[in-house]
Amino acid sequence: MIPGPIEISAAVAAAAAEPPRSHVAPDLIERFGAALAAMRKVWLAADDSVPVILAGSGTLAMEFAVQNLVDRGDAVVLVNTGYFSDRMAEMLRRRGADVTEVGAEPGDAPGMPQVAAALKKSGARALFATHVDTSTGVRTDAQTLCALAREHGALSVLDGVCATAAERFEMKEWGADAYLTASQKAIGLPPGLALCVLSARAAQRRRSLREMPPLSLDLDQWAPILRAYEERKPAYFATPATSLVWALGVGLDEILAQSMDARFAQHERCARALRRAWAALGLEGLPRRPELTANTLSALRFPAGVGPELVPAIKKHGAIVAGGLHPAIKATYFRVGHMGDVLNRQNDLERTVRAVARGLADCGWKRDESAAVAALRPRL
Ligand SMILES: *Cc1c(COP(=O)(O)O)cnc(C)c1O
């Protein structure tokens, strides 16, 4: 129950475990092409958007966006909501961008007027933000950020690594330019794929860069290969992670078996039910306001007298949760992920709530376990 790698479905696990295919095997080509098209549907992206599948982690997906959308000397505004925004800032600086950071205290997000002012003052060519910051459980207002970027003539680039396919994101409707993730979060695969969809406008930006991206990450190298897969033709630039692409086809089809609206709503319902359970245990969330609280994970403050020893105590009772990650407040909270297939496993969710309750009791914080489990139950 950590915020990634998450539990995966039996069908995805079986697909990933098949003998590896060649990158030009006809059935792999078929599934690769179908997966690219399915990404547009999961991202709710326009028909002319460019889906990208690379072997790598979420960090590589971030690097792909930075290297292809930002040039040396570009003014860039970065909305900083925590650990992964710090990482994005460092990447942007290494790319030679002139970065204006707009931040907030851990658990908070900067106000939109602040972001607008920074865009205006800097004349930014791009706005970068983390959709859900996995270190604090804070969700930014991605729709408004995309609108602000458009208004100021900047590309909008959202790190959706702890959000894509779980938190509402409407790439086309909101006019977003890049939305990236990794396979091991809400997409529900093993780690190993970096996924990104670019708007046509963003893909165009690569053309006008003066400083080339590293060859292995270059959209100009990858675009014809990805196009070939979509046209069901063999192509080669660098060998894709064929076993994971094979499994991705299965995972995306599982996601698209219901509407994206239904999937977003399911994550919201589950998060709300868990919040009721945490409240029954006397736990407080790190995000400062309800509208900032993510649906993909719970970041929960340790109650009085309890510390990081809680995480192993919870494990002893049968659930693996994560410790704090934000360097400034690391030892004051813990995190529980709730994305993807586990939402269909009511028993696992109840077991998690019980394990948290029992771990807390072991640490001297005794609360009514059955009340917490009962709070979880209605209308999951
Ligand atoms: C997990 C995560 C990343 C990094 O992904 P890796 O696969 O670990 O490189 C980046 N951004 C966010 C928001 C994340 O949750």
Side-chain angles (χ1 to χ4, degrees), residues 1-8 16 43 52-67 69 78-92 94 101 103-104 106-109 127-142 145 156-169 176 178-197 216-217 241 244-245 247-248 251 267 271 286-287 292-299 320-327 330 333-340 342:
M1 297 297 290
I2 66 172
I6 67 165
E7 295 279 317
I8 63 177
W43 268 244
V52 178
I53 302 173
L54 298 175
S57 69
T59 303
L60 188 105
M62 293 163 69
E63 196 83 81
F64 171 81
V66 167
Q67 296 291 336
L69 304 179
L78 174 90
V79 174
N80 191 327
T81 45
Y83 182 89
F84 289 106
S85 313
D86 285 344
R87 176 172 296 181
M88 192 69 99
E90 174 63 15
M91 280 181 182
L92 286 163
R94 289 188 183 200
E101 288 191 51
D108 210 344
L127 172 66
F128 280 72
T130 312
H131 192 186
V132 168
D133 181 77
T134 324
S135 70
T136 56
V138 165
R139 183 186 56 224
T140 51
D141 178 355
L145 289 171
S156 52
V157 184
L158 276 290
D159 170 355
V161 181
C162 200
T164 309
E167 297 281 5
R168 175 171 297 281
F169 192 87
Y179 193 46
L180 61 93
T181 191
S183 51
Q184 78 277 17
K185 307 266 172 113
I187 293 282
L189 258 74
L193 291 181
L195 306 170
C196 183
V197 178
S216 62
L217 288 177
L244 289 173
V245 172
L248 180 65
H267 280 80
L286 197 59
L292 292 175
T293 308
N295 291 326
T296 49
L297 81 156
S298 298
I320 299 173
V321 301
L325 182 61
H326 194 297
K330 204 172 159 57
Y333 72 107
F334 68 108
R335 298 171 300 146
V336 182
H338 28 91
M339 298 171 242
V342 78

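Order of listing sets the numbers, starting from 1, for every ligand and every atom in it.
Within the 4.0 Å heavy-atom criterion, neither part of His131 lies near ligand 1. At a 4.0 Å heavy-atom cut-off, ligand 1 touches Thr59 through backbone and side chain alike.
For ligand 1, the atoms lying closer than 4.0 Å to a non-hydrogen atom of Met62 are 10 (C). Close approach to Lys185 involves these atoms of ligand 1, each under 4.0 Å from a residue heavy atom: 1 (C), 2 (C), 3 (C), 14 (C), 15 (O).
The shortest separation from a heavy atom of Met88 to ligand 1 is not under 4.0 Å, leaving the residue out of contact. Under a 4.0 angstrom heavy-atom cut-off, Val132 registers as being in contact with ligand 1.
To the nearest 0.5 Å, the span separating OG1 on Thr130 from CE on Met62 amounts to 6.5 Å. Distance CG/Asp133 to CG/Asp108: 12.0 Å, rounded to 0.5 Å. One finds the CZ atom of Phe64 at 9.5 Å from the CG atom of Leu180 (value rounded to the nearest 0.5 Å). How far CG of Leu60 is from OG of Ser216: 7.5 Å, rounded to the nearest 0.5 Å. Put simply, CG on Leu69 and CZ on Phe128 are 6.0 Å apart, with the number rounded to the nearest 0.5 Å. To the nearest 0.5 angstrom, Leu297 atom CG is 11.0 Å from Ile2 atom CD1.
Residues Tyr333 and His326 approach most closely at OH-N, 2.8 Å, considering heavy atoms.
Looking only at protein heavy atoms, the nearest one to atom 3 (C) of ligand 1 is Phe84 CE2, 3.3 Å. Annotation: atom 8 (O) of ligand 1 to nearest protein heavy atom, Gln184 NE2, 4.0 Å. Considering only non-hydrogen protein atoms, atom 11 (N) of ligand 1 sits nearest to Asp159 OD2, 2.7 Å.
On a distance-only criterion, Thr134 and ligand 1 share at least one N/O pair closer than 3.5 Å. Between Gly58 and ligand 1, a contact under 3.5 Å exists for at least one N or O pair. Checking only distances, Thr130 never comes within under 3.5 Å of ligand 1, N or O to N or O. When only interatomic distances are considered, the shortest N/O to N/O separation between Arg87 and ligand 1 does not fall below 3.5 Å.
A 4.5 Å side-chain heavy-atom check between Thr81 and Val132 finds every atom pair outside the cut-off.
Aromatic rings from Tyr179 and His131 are positioned such that their centres are separated by under 6.0 Å.
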